[in-house]
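Only this structure's heavy atoms are used, side chains among them; waters, hydrogens and symmetry mates stay out. Read the numbers this way: they start at 1 and go in the same order the structure lists the ligands and their atoms. FYI, the numbering just counts along the sequence from 1.
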Amino acid sequence: MSVALPRSATVAVIGSGAMGAGIAQVAAAAGHPVLLFDTRPEAVAAALKNIRAMFGKLAQKGKMSEADADAAGARLQAADSLAALRDAALVVEAIVENLDVKRKVFADLEAIVADTCIFASNTSSISITSIGAALRLPQRLVGMHFFNPVPLMALVEVISGLASDAAIAAQVYGTALAWGKNPVHTRSTPGFIVNRVARPYYAEALRILNEQAADVATIDAVLREAGGFRMGPFELMDLIGHDVNFAVTQSVFHAYFCDPRFTPSLIQQELVNAGFLGRKSGRGFYRYESDVNAPQPHTETAQTRATAPVVVHGKGKLAQALVARLETGGVSVEHASAIDNDGALLSCGSARLYLTDGRSATGRARDNQHADTILLDLTLDFSQATRVAVSRADQCSATAYAAVVALLQAAGLAVSRLDDVPGMAVMRTVAMLANEAADTVNQGVCTVADADMAMQKGVNYPRGPLAWADAIGLSRLSTVLGHLAAGYGEDRYRISPLIQRKTASGALFHV
Ligand code: NAI
């Protein structure tokens with residue numbers, strides 16, 4: 001059981017920028033007296049004004065009563081010096097991202113507050129162990145990593161360094177819970193959970209862009225409309241800002257001693273070099289000038305149905321969803337008496353459609369000795385998808401490809417063609433997200449449940465990567481990763497030992 005700080009306990013927030021102001025707002029709304037300190041008093045004054053205005057707006061919208069809004073506003077106070085924080089029970093630091101400056105603030109604070117006062121840092125990338133190393137009582141420090149904007153984002157990563165006291169981490173966890181957040185426990189390792197596990201979302205998209213699989217608008221549309229992600233990777237990087245995203249990628253890459261899993265992208269480096277930082281500079285992958293039309297994703301034009309019978313070979317969930325959509329679209333379907341042993345989902349004449357297994361369509365056509373090979377990318381839920389991505393083997397005839405596209409169109413799907421890259425877009429991205437999440441669990445950074453919760457609440461993923469791995473099937477996931485590793489010959493795609501182990505035993509991540 002985790003225990004929250006009592007609501008009467010004073011919470012101090014140091015740094016009243018974007019994050020500190022949000023943290024102060026949430027703590028005051030939860031009922032704590034809150035002291036806000038910043039080396040720039042004008043920043044504190046501005047933050048307090050904004051937070052009180054925010055409470056007023058919430059009251060106007062009926063989300064809190066007038067009395068509660070006034071009381072929450074009154075619980076906030078400016079502190080004019082660190083010494084004014086002497087009675088705090090919890091201090092949350094949200095100042096500049098610099099180890100020496102953070103260490104100095106906590107060291108100064110230690111001479112002011114009681115020994116029972118808990119220290120929390122909102123650092124997004126600095127080791128909690130390092131920040132704590134300079135303290136007289138390093139066990140009192142944990143990370144309390146909020147996400148931006150703090151009042152809206154539910155996730156809080158509670159981070160333990162080597163010296164952190166587990167009871168203090170539990171109390172900070174309980175306090176975050178009492179503040180209406182979804183906390184997760186994590187060990188102090190580079191990127192913690194979210195900033196580590198999310199790397200492949202950007203990296204795989206950048207790699208397939210680099211290999212010219214499709215343009216950015218198409219890859220974004222596929223990740224959104226087939227993958228179910230709220231934003232495509234390129235529009236998301238444009239929103240975050242390439243300077244920020246590239247810096248996080250580089251920091252994680254160097255912190256893991258240049259593990260090729262985290263290799264940054266030259267494409268993103270060039271955007272930073274050019275000053276094309278995304279929305280904030282008016283140009284990133286997309287252009288944001290008012291006179292520029294948004295580029296449209298590639299979508300195949302309507303194709304004419306072939307006369308050959310449509311035979312469904314699989315019996316799994318995907319095959320069933322495909323049959324249901326085809327029948328709704330007026331396509332009559334025959335069921336193969338035996339499951340085709342090269343794993344095709346359906347065939348129509350000589351054309352065969354397969355779910356990608358991490359091989360290129362061209363390689364699979366050669367392996368199966370079947371030229372008319374078309375691959376389907378992963379979807380979050382095929383029965384709900386509005387778009388799918390396909391790729392075709394170099395050996396595949398135009399007629400066979402058109403026959404499959406016509407069927408998917410009859411099933412009510414927009415079809416985007418990717419050039420033939422191994423693992424396609426959604427499958428490859430999800431496989432690598434799951435692989436990274438599995439490694440965090442395998443290395444004792446967090447639990448399975450916390451890894452999934454972190455990605456759903458911290459970056460709005462439509463499903464936790466490990467729950468997604470279970471849904472894909474760990475054996476299939478291992479096959480996809482194994483083919484990517486073999487195809488690229490890069491250590492980047494090595495399979496997490498935990499995925500290998502669970503595949504071997506037939507276990508799932510979520511029981
Ligand atoms: P910010 O630049 O908006 O605000 C930082 C504030 O700290 C400024 O008002 C500055 O005057 C004050 N400050 C600097 N040195 C100080 C000191 N020695 N004592 C007292 N105040 C000092 O920065 P932001 O974005 O709020 O970030 C703060 C921390 O939160 C950083 O560690 C950052 O990595 C982390 N973080 C930021 C996120 C974001 O999306 N901006 C997300 C999660 C964590």
Side-chain angles (χ1 to χ4, degrees), residues 12-27 34-51 78-85 88 91-113 119-128 130-132 134 141-159 161 176 181 183-184 186 188 190-196 198 236-237 239-252 255 277-280 454 457-460:
V13 179
I14 306 184
S16 54
M19 297 304 288
I23 297 165
Q25 178 183 329
V26 167
V34 176
L35 292 167
L36 189 54
F37 173 69
D38 197 291
T39 40
R40 295 183 303 121
E42 68 279 12
V44 177
L48 292 184
K49 195 167 161 223
N50 284 340
I51 301 169
D80 56 7
S81 66
L82 270 189
L85 311 183
V91 179
V92 186
E93 165 276 311
I95 63 168
V96 58
E97 187 74 344
N98 176 299
L99 174 61
D100 292 335
V101 182
K102 287 190 194 287
R103 274 185 168 170
K104 165 110 180 39
V105 163
F106 281 123
D108 290 349
L109 204 58
E110 218 173 18
I112 294 167
V113 297
F119 289 178
S121 173
N122 184 49
T123 179
S124 46
S125 64
I126 302 175
S127 153
I128 295 300
S130 299
I131 300 175
L141 175 83
V142 293
M144 194 175 189
H145 185 209
F146 290 84
F147 289 73
N148 195 7
V150 179
L152 298 183
M153 297 299 290
L155 185 69
V156 178
E157 293 179 326
V158 177
I159 305 144
K181 298 295 183 191
V184 291
T186 168
S188 178
F192 312 130
I193 306 174
V194 170
N195 279 337
R196 171 183 178 175
L236 182 54
M237 283 184 269
L239 181 67
I240 294 168
H242 293 286
D243 48 346
V244 173
N245 193 269
F246 188 58
V248 175
T249 305
Q250 280 189 301
S251 141
V252 171
L277 304 181
R279 275 180 187 271
K280 62 186 169 191
K457 300 289 181 185
V459 268
N460 294 319

Lys457 atom NZ: more than 12 heavy-atom contacts under 6.0 Å: no
Region of Asp38 that comes within reach of ligand 1 [heavy atoms, distance under 4.0 Å]: both
Distance-only N or O hit between ligand 1 and Lys102, under 3.5 Å: yes
Sub-4.5 Å side-chain heavy-atom contact between Leu85 and Ile14: yes
Closest to atom 33 (C) of ligand 1 among Glu97, Glu93, Arg40 (heavy-atom distance): Glu97
Under 4.0 Å to a heavy atom of Asn148 - the qualifying atoms of ligand 1, by number: 39 (C), 40 (O), 41 (N)
Shortest heavy-atom approach to atom 5 (C) of ligand 1 - which of Ala94, Gly20, Gly15, Gly458: Ala94
Residue part near ligand 1, for Phe146, under 4.0 Å between non-hydrogen atoms: backbone
For atom 30 (O) of ligand 1, closest protein heavy-atom neighbour: Asn122 ND2, 2.9 Å
Nearest-contact summary for atom 3 (O) of ligand 1 - protein heavy atom, Å: Ala18 N, 3.2 Å
Taking atom 17 (C) of ligand 1 as the reference point, the nearest protein heavy atom with its distance: Thr39 CG2, 3.8 Å
Val105 and ligand 1 - part of the residue with a heavy-atom distance under 4.0 Å: side chain
Proximal ligand 1 atoms for His145, defined as those under 4.0 Å from one of its heavy atoms: 43 (C), 44 (C)
Closest to atom 15 (N) of ligand 1 among Val194, Val150, Val96, Val44 (heavy-atom distance): Val96
Nearest-contact summary for atom 37 (C) of ligand 1 - protein heavy atom, Å: Met19 CG, 3.4 Å
Thr186 side-chain N/O to Phe192 backbone N/O, donor-acceptor pair under 3.5 Å: no
Atoms of ligand 1 close to Ile14 [distance to a heavy atom under 4.0 angstrom, numbered from 1]: 20 (C)
Val156, Val194, Leu155, Val158 screened by side-chain contact (heavy atoms from CB on, under 4.5 Å) with Val184, the one that passes: Leu155
Shortest non-hydrogen separation from Ile131 to Arg103 and the atoms involved: O-CG, 3.8 Å
Element-labelled atoms of ligand 1 that are located less than 4.0 Å from some non-hydrogen atom of Val101: 18 (N)
